[in-house]
Amino acid sequence: IWDVEQIRIKTEVTQNVGHSLVRNIGKLSVESRKLLTLAAVIGFSFEPKVVELIASNLELLESEYHEHLTNTVKGAIQDAVSGGLIHPDQTRAILATQLEMVQDGSTESLKGSFYEESIQVAIQEAKVEGLIGKAVSRSKCKFSHDLVHKSFYEDTALDIERHKLHLQIGRFLRKFYTARPEDELLFAAVDHMNKGSHFLDSDEERIELIKLNQKSSEKARARSALFSAAKFSSKAIDLLKFEFDWMNHYDLLLH
């Protein structure tokens, strides 16, 4: 027998806990909020390494990165001056040279380290505030509550239209899939691209997404995941432009 009153009480308690945790989001640094918002767009659970790579690819913290790197370079030069290795009159020229390296992309390894450290700091800050739950696995984290996930997803700290962000994430994961053809990676890439499909740049990319949906549908059907298979097939049909594709991609309409 269902105890409706007990269910209502437990639901209210859970919701109250969620609302209490959401208030802690404001305690995080802006950089951490940006990264965790990206993580929330990826999903309720996420791999920090994936967040790091996508954030770096999208240059999500580019202004913070350049500020960090400039301060690092200035600190290193000052240490060299203090140690008698550089004459004070040379500092301006050396600083200009080092900052040019930042602009021409000669510091990619430093950039990777910056983003790796930033996502680890973000996760640690979030754990302290109870916003990140128990790890799903050694390489995967999850948010502590549905409301926390929802609030990060909607957080204005990251000023990017969410459907555009889904498309950018999907494109990035599609490149991963090309190098590492795993079904789960394909499903994730296509799902994100579908959410951002209104922002596709060209008919070429639209056709590619139709084919990826068809492929995803076939793989889902092979797993007896019929709902997912139908969802991918339906999206493939929605993406068709019948008058244009009838002449140029007749095989897609038949398929």
Side-chain angles (χ1 to χ4, degrees), residues 12-76 102 107-170 172-173 176 184-185 188 191-192 195-196:
E12 287 182 357
V13 169
T14 301
Q15 292 293 94
N16 289 338
V17 169
H19 286 299
S20 177
L21 290 171
V22 165
R23 287 194 287 270
N24 292 342
I25 291 176
K27 298 178 182 179
L28 305 184
S29 66
V30 174
E31 293 83 358
S32 292
R33 286 171 60 183
K34 286 181 180 180
L35 290 169
L36 290 169
T37 295
L38 173 61
V41 176
I42 292 172
F44 184 79
S45 60
F46 59 92
E47 293 183 40
K49 188 65 179 177
V50 173
V51 178
E52 172 202 325
L53 292 172
I54 294 176
S56 178
N57 183 262
L58 299 181
E59 299 185 334
L60 204 66
L61 302 179
E62 202 62 8
S63 61
E64 293 90 342
Y65 166 62
H66 284 290
E67 182 180 353
H68 165 79
L69 202 54
T70 300
N71 290 336
T72 300
V73 170
K74 285 181 177 178
V102 175
T107 53
E108 284 303 307
S109 61
L110 292 175
K111 185 175 182 178
S113 298
F114 170 78
Y115 275 94
E116 181 180 8
E117 182 179 336
S118 295
I119 186 60
Q120 293 303 325
V121 168
I123 290 171
Q124 190 55 43
E125 284 185 18
K127 283 182 176 178
V128 169
E129 300 300 337
L131 301 169
I132 297 292
K134 187 177 180 181
V136 177
S137 66
R138 292 183 64 182
S139 62
K140 210 165 192 178
C141 298
K142 68 176 181 179
F143 292 99
S144 58
H145 195 283
D146 289 341
L147 287 176
V148 171
H149 174 237
K150 181 175 183 292
S151 295
F152 269 120
Y153 185 94
E154 298 172 349
D155 193 351
T156 55
L158 188 58
D159 187 23
I160 303 176
E161 208 284 335
R162 294 300 180 258
H163 287 92
K164 287 183 179 179
L165 188 53
H166 277 296
L167 180 58
Q168 290 172 310
I169 291 170
F172 185 82
L173 293 176
F176 259 73
E184 296 303 328
L185 200 51
D191 187 52
H192 280 293
K195 289 175 180 175

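Just so you know, these numbers use all the heavy atoms, side chains as well, and skip hydrogens, waters and symmetry mates.
Atom CD1 of Ile132 sits about 14.0 Å away from atom NE2 of His145, to the nearest 0.5 Å. We find the CG-CG distance between Leu21 and Asp146 to be 11.5 Å, quoted to the nearest 0.5 Å. Between the CG atom in Leu53 and the CZ atom in Phe176 there is a gap of 5.0 Å [rounded to 0.5 Å]. In this structure, CG on Leu35 lies 6.0 Å from OG on Ser118, to the nearest 0.5 angstrom. The line from OG1 of Thr37 to CD1 of Ile25 is 7.5 Å long, rounded to the nearest 0.5 Å. From Leu167, atom CG reaches atom NE2 of His192 across 11.0 Å, with rounding to the nearest 0.5 Å.
Shortest non-hydrogen contact noted between Ser45 and Lys140 is OG-CE, 3.7 Å. Across Ile119 and Pro48, no two heavy atoms sit closer than the pair CG1-O, 4.0 Å. A pairwise comparison of heavy atoms in Ile123 and Cys141 identifies CD1-SG, 4.1 Å as the closest pair. Nearest approach of Leu38 to Leu158, heavy atoms of both residues: N-CD2, 4.0 Å. In plain terms, the two heavy atoms of Lys34 and Leu60 that are nearest each other are O-CD2, 3.8 Å. For the pair Lys195 and His163, the tightest heavy-atom approach, listed with the atom from each and the gap, is O-CD2, 2.7 Å.
Between Glu52 and Lys49 a salt bridge is recorded (basic side-chain N to carboxylate O distance below 4.0 Å).
Arg162 places a side-chain N or O within donor-acceptor distance of the main-chain N or O of Tyr153, the cut-off being under 3.5 Å. With hydrogens and angles disregarded, no donor-acceptor distance shorter than 3.5 Å links the side chain of Tyr115 to the backbone of Val51. The closest donor-acceptor contact from the side chain of Glu47 to the backbone of Val50 lies at 3.5 Å or more, if one exists at all. Side chain of Ser144 to main chain of Leu131: a donor-acceptor pair is present (N/O by atom type, distance under 3.5 Å, no hydrogens or angles).
With sequence neighbours excluded, the residues satisfying ring-ring contact (aromatic ring centres under 6.0 Å, His included) with Phe143 are Phe46, His149, Phe152. When the side-chain contact (heavy atoms from CB on, under 4.5 Å) test is applied to Leu58, the partners found at least two apart in sequence or on another chain are Ile54, Leu165, Gln168.
The list of salt bridge (charged side-chain N to carboxylate O under 4.0 Å, His left out) pairs with a residue in residues 119-129, not counting sequence neighbours, reads Lys27-Glu129.
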